[in-house]
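For clarity, every value in this text was computed on a predicted model and none was experimentally measured. Throughout, a chain's letter reflects where its sequence line sits, starting with A, and its residues are numbered from 1.
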Amino acid sequence: MLYIEFNQFILGVLKTKLADKGLAEADFANVVLESPKDETHGDLSTNAAMVLAKKVGMAPRALAEMLVEEFKAYPAVDSVEIAGPGFINFRLKTSALIGQGIEAVKQGAAYGKLHAPDARKAMVEYVSINPTGPIHIGHGRNAVFGDAIANLLEKAGRTVWREYLVNDAGGQIRVLVKSLHARYLQLFGQDVNVPENGYPGEYLIDIAQMLKDRDGDKWVNMTEEETLLHELRAFAVEACLDLIKTDIKTLHIEFDRYFSEHEMHQTSRMKDVVKLLRDKGLVYEGTLPPPKGKEVADYKPVELTLFKATEFGLPEDQAIFNRAGIPTYFGQDIAYHYDKLQRGYELLVTVIGIDQAGSFTPLSKAIEALTGRKDVYHPVPYEMVKVLRDGQPVKLSKRAGNIVLLSDVLEEVGSDAFRFTMLTVKPTTSLTFDLALAVAKTMENPVFYVQYAHARLCAVERQRAELGIAPVCLDSLDPETKDISSGARAVLREVMLYPALIEQASRALEPHRLTFYAQNLASKVHSWYGAEKWLDAANVQATHHRLAVALAARSVLADVLNLCGVNAPESM
RNA sequence: GCGCCCGUAGCUCAGCGGAUGAGAGCAACAGCCUUCUAAGCUGUCGGUCGCAGGUUCGAUCCCUGCCGGGCGCACCA
């Protein structure tokens with residue numbers, strides 16, 4: 001792939017030419033080869049001279065001058081210019097771009113696939129919502145991002161494992177069972193309310209009915225909470241998880257594993273990790289000060305097992321076990337992540353709500369302590385989704401029972417529109433989802449713009465056959481052809497940049513760049529489509545050159561949509 | 001009080017660990033279908049990048065302090 005090879009060539013030149021300047025590997029880390037914002041500045045541009053000038057002890061432009069001749073020697077380079085404060089701008093030969101187009105068509109889905117810079121196995125953990133009810137729209141954002149990140153990492157050449165943590169061991173399950181039991185009793189005509197802090201959602205009525213169908217009145221006279229918990233836990237969790245899995249499936253997401261917290265606690269992970277941290281002097285028995293900013297009437301200092309988060313500059317230490325000796329959420333988390341490490345994963349990505357920032361920060365420190373590395377744990381925080389219904393904000397609360405269900409939204413706008421829309425905004429921007437607008441705006445949703453481009457490219461191929469024009473033979477194309485218009489060249493330029501997108505987006509774990517690239521490429525396609533007629537039975541050779549470009553665009557467009565988890569339709 | 005996120009065109013948002021005259025989509029306005037899908041194309045309009053300092057040859061981007069919005073803050077999840 002041209003971009004990758006050229007990038008390596010540039011780094012090679014830099015290292016050779018500046019070998020005696022005492023530069024370290026790290027100095028080259030900031031050197032980037034990118035497409036200039038302004039296309040009149042060429043096809044690619046590097047900041048190398050500016051980034052390295054200071055270390056080398058030369059003025060940026062002078063350093064650039066020194067390097068230009070070497071760069072000119074690269075076969076695909078047509079011309080090199082030094083611009084502004086010291087940018088080195090490259091214009092590539094159109095024949096080289098055509099070569100990239102041909103490569104893209106030939107390689108298909110393999111085009112843009114990279115070899116990971118290091119072989120560490122990656123695990124992406126996402127969704128992971130508690131199995132206490134259906135998914136709401138905010139979790140949908142998590143699901144879409146996690147899945148796209150996993151796709152991206154795979155495309156970048158990593159081995160990726162997708163996992164959902166089923167938190168079936170905490171106190172919320174106890175509450176769930178109590179709520180379910182109340183609904184169950186209601187089915188038998190008893191005047192019982194769902195507990196104050198329980199789950200009032202109507203889905204539990206259906207689940208209670210399933211329980212009644214299965215067990216009849218077996219639990220009507222059972223009041224022993226522990227027995228109910230023991231007997232109904234698995235049933236309740238499974239039923240709720242089924243609701244979640246249905247939505248996950250609608251989004252075309254598949255996990256490699258639903259990891260059960262409950263099962264993990266049958267192993268010694270918890271004990272082991274605490275011992276490890278204790279041996280490092282990071283775990284001790286102590287008390288926590290009263291919480292700030294929030295009145296707690298019944299605060300009493302109690303001796304707990306604590307993780308020394310303050311050692312890492314955090315304001316408070318973190319409890320690993322509560323006063324009853326049961327692992328806290330944080331405690332479970334370090335055990336779970338220790339488990340991931342034990343399974344051989346060394347790149348741990350977790351898509352997690354920003355409201356849990358307080359929990360993933362100490363966790364990152366614990367993982368740092370366990371591995372001695374800072375680049376193992378990568379939380380991807382995302383802002384909550386705010387929902388407008390009839391112009392009014394909807395308070396998202398599972399407890400209040402007025403959540404906006406993902407399944408409802410998907411029914412209204414479809415998986416493609418939902419996934420693409422979620423990926424058009426970076427995760428740390430809070431997103432307002434206007435339900436009325438989502439339906440009404442369907443036609444102006446950018447996903448249709450991109451899909452339409454793909455459909456057009458397919459339509460042209462069908463038209464070709466109808467006109468009796470022979471299919472394109474890639475090996476007989478002439479790279480030096482003059483049949484490539486500026487519109488077609490612009491498309492090829494995007495195709496050439498696709499590997500750069502994969503490289504950069506995967507490194508930054510930023511899948512929203514995929515949708516921006518897709519819109520950009522689609523825009524170039526539509527623009528070219530309007531500017532020039534592609535099919536011309538009287539000039540088959542020129543037609544073939546144009547069709548080759550169209551095929552390349554189609555292949556890349558399909559691939560980038562695939563990474564987003566969005567369909568690439570052949571017709572619309 | 002502390003912590004995390006955000007504040008860029010009327011609206012929704014990009015701007016990839018600093019740099020070549022601030023971008024896209026939508027909305028508004030003006031054009032383009034006897035010719036490959038007009039769910040499209042072409043053009044116009046539109047921003048003192050929340051405010052104030054600082055670092056630099058240069059800041060939307062980095063640092064500090066404000067202002068505004070969202071979220072979180074024991075042994076809840």
(message) So A:Gly171, base contact, sugar-phosphate only, or nothing? Heavy-atom distance under 4.0 Å.
(response) sugar-phosphate
(request) Classify the side-chain pair A:Asp317/A:Thr310 by whether it contains a donor and acceptor separated by less than 3.5 Å. (result) yes
Would you list the protein and nucleotides 20-24 of chain B atom pairs, both N or O, that sit under 3.5 Å from each other?
from	atom 1	to	atom 2	distance (Å)
B:U20	O2	A:His41	NE2	3.1
B:U20	N3	A:His41	ND1	3.4

(request) For A:Ala455, report the nucleic acid contact type (base, sugar-phosphate, nothing); a contact means any heavy atom under 4.0 Å. (result) base
(request) Return the nucleotide paired to B:C71: Watson-Crick means purine N1 to pyrimidine N3 with N6-O4 or O6-N4, wobble means G-U with N1-O2 and O6-N3, both under 3.5 Å. (result) B:G3
(request) Give none if B:C11 has no partner; otherwise give the nucleotide forming a Watson-Crick or G-U wobble pair with it, both distances under 3.5 Å. (result) B:G25
(request) May I ask you to evaluate whether A:Ser359 reaches the phosphate of B:A77, defined as a side-chain N or O under 4.0 Å from OP1 or OP2? (result) no
(message) Please name the nucleotide paired to B:U20 by Watson-Crick or G-U wobble geometry with both distances under 3.5 Å, or report none.
(response) none
(request) Determine the contact category for A:Leu288: base if any of its heavy atoms lies under 4.0 Å from a base atom, sugar-phosphate if only primed atoms, P, OP1 or OP2 are that close, otherwise nothing. (result) sugar-phosphate
(request) Could you grab the distance from atom CZ of A:Phe312 to atom OG1 of A:Thr361, nearest 0.5 Å is fine? (result) 13.0 Å
(request) Could you tell me whether A:Glu461 contacts a base, only the sugar-phosphate backbone, or nothing, with contacts defined as non-hydrogen atoms closer than 4.0 Å? (result) nothing
(request) Measure from CZ on A:Arg513 to P on B:C13 and round the result to the nearest Å. (result) 19 Å
(request) For A:Leu314, answer base if it contacts any base atom (sugar-phosphate contacts may also be present), sugar-phosphate if it contacts only those atoms, and nothing otherwise; contact means non-hydrogen atoms under 4.0 Å. (result) nothing
(request) Would you kindly say whether A:Gln172 and A:Thr132 are connected by a side-chain donor-acceptor distance under 3.5 Å? (result) no
(message) Only pairs with both distances under 3.5 Å count, Watson-Crick or wobble alike; so what is the partner of B:C62 in this structure?
(response) B:G54
(request) Answer with base, sugar-phosphate or nothing: what part of the nucleic acid does A:Lys524 contact at a heavy-atom distance below 4.0 Å? (result) nothing
(request) Tell me which of A:Val425 and A:Thr361 sits closer to the 5' end of RNA chain B, going by the nucleotide each one is nearest to. (result) A:Thr361
(request) Using only side-chain N and O atoms of A:Tyr449, determine if any of them is under 4.0 Å from OP1 or OP2 of B:C41. (result) yes
(request) Select base, sugar-phosphate, or nothing to describe what A:Ala459 touches, counting heavy atoms under 4.0 Å on all strands. (result) base
For nucleotides 33-35 of chain B, list the nitrogen or oxygen atoms of the protein found under 3.5 Å from its nitrogen or oxygen atoms, one pair per line.
from	atom 1	to	atom 2	distance (Å)
B:U35	O2'	A:Lys533	NZ	2.9

(request) Would you indicate what A:Thr305 reaches in the nucleic acid, counting non-hydrogen atoms under 4.0 angstrom: base, sugar-phosphate, or nothing? (result) nothing
